[in-house]
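Working notes for the structure below.
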Amino acid sequence: MGIQLMGLAHAKQKLRRTLSAKIRMVVSASTNVPKGHVAIYVGENCCCRKRFVIPISYLNHPLFQDLLYLAEEEFGFDHPMGGLTIPCSEDYFISLTSALNCS
């Protein structure tokens, strides 16, 4: 009986360590945004959104402002992904950010 309890306590401790390591990985991945950048979720469907990290300076560009206006119309200030979500195609977003990167 005592051996089973020690085994259970050991298994519980190992599970706790494993879970906390996984939680640290998720948190570090979600907060891995360099200074001067912002994470944005892009996609037309809520199941197929992709995360992009872009420079904050893009937010001031008139074309990007149009996307932000679309996001405001679609979601208001209640973003389902917990962050800024842009309702446009991934291809359009990539071409826009590529153009902004070159200018």
Side-chain angles (χ1 to χ4, degrees):
M1 181 80 167
I3 294 173
Q4 287 179 340
L5 287 178
M6 283 180 38
L8 182 61
H10 180 68
K12 209 170 156 182
Q13 184 181 25
K14 187 173 182 176
L15 178 62
R16 198 175 293 136
R17 259 189 265 134
T18 303
L19 287 176
S20 60
K22 287 184 181 193
I23 289 170
R24 276 194 304 273
M25 280 180 19
V26 168
V27 168
S28 70
S30 65
T31 60
N32 193 12
V33 178
K35 187 175 182 177
H37 290 71
V38 63
I40 294 181
Y41 295 93
V42 176
E44 296 170 308
N45 304 345
C46 53
C47 65
C48 303
R49 293 208 173 107
K50 187 172 177 185
R51 183 177 185 257
F52 291 88
V53 177
I54 60 163
I56 290 176
S57 61
Y58 288 7
L59 300 176
N60 290 324
H61 194 279
L63 291 174
F64 207 90
Q65 293 278 323
D66 291 342
L67 287 180
L68 293 174
Y69 181 71
L70 282 174
E72 181 185 10
E73 284 183 339
E74 176 108 8
F75 304 114
F77 294 106
D78 182 28
H79 298 287
M81 297 288 290
L84 182 56
T85 305
I86 305 288
C88 72
S89 73
E90 207 175 300
D91 293 334
Y92 177 77
F93 186 80
I94 290 171
S95 65
L96 174 66
T97 54
S98 295
L100 293 176
N101 194 30
C102 292
S103 63

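Formation of a donor-acceptor pair under 3.5 Å by the His61 side chain with backbone atoms of Leu59 is not found in this model.
The residue from Thr97, Ile54, Leu68 that alone fulfils the side-chain contact (heavy atoms from CB on, under 4.5 Å) condition with Ile40 is Ile54.
When every heavy atom of Val33 is checked against every heavy atom of His37, the shortest pair comes out as CG1-O, 3.5 Å. Of all heavy-atom pairs spanning Pro87 and Ala71, the tightest one is CD-CA, 3.7 Å. Nearest heavy-atom pair, Tyr58 versus Phe64, reported as atom, atom and distance to 0.1 Å: O-CB, 3.1 Å. Between Cys88 and Val42 the shortest heavy-atom distance is O-CG1, 3.7 Å.
With sequence neighbours left out, Glu44 forms a salt bridge (Lys or Arg N to Asp or Glu O under 4.0 Å) with no residue at all.
For the residue pair Tyr69 / Gln65, no side-chain donor-acceptor distance below 3.5 Å is found, with atom types taken as modelled.
Going from atom CD1 of Ile86 over to atom NZ of Lys50 covers 15.5 Å, rounded to the nearest 0.5 Å. With values rounded to the nearest 0.5 angstrom, Asn60 atom CG is found 11.0 Å from Leu100 atom CG. Taking CG of Asp91 as the start and CG of Leu96 as the end, the distance is 12.5 Å to the nearest 0.5 Å. Rounded to the nearest 0.5 Å, atoms CG (Leu63) and OG (Ser95) are 9.5 Å apart. To the nearest 0.5 Å, atoms OH (Tyr41) and CG (Leu84) are separated by 10.5 Å.
Residues Ile94 and Ser98 form a side-chain contact, since some pair of their non-hydrogen atoms from C-beta on lies under 4.5 Å apart. For the pair Leu67/Tyr92, a side-chain contact is recorded, criterion being any heavy-atom separation below 4.5 Å from C-beta on.
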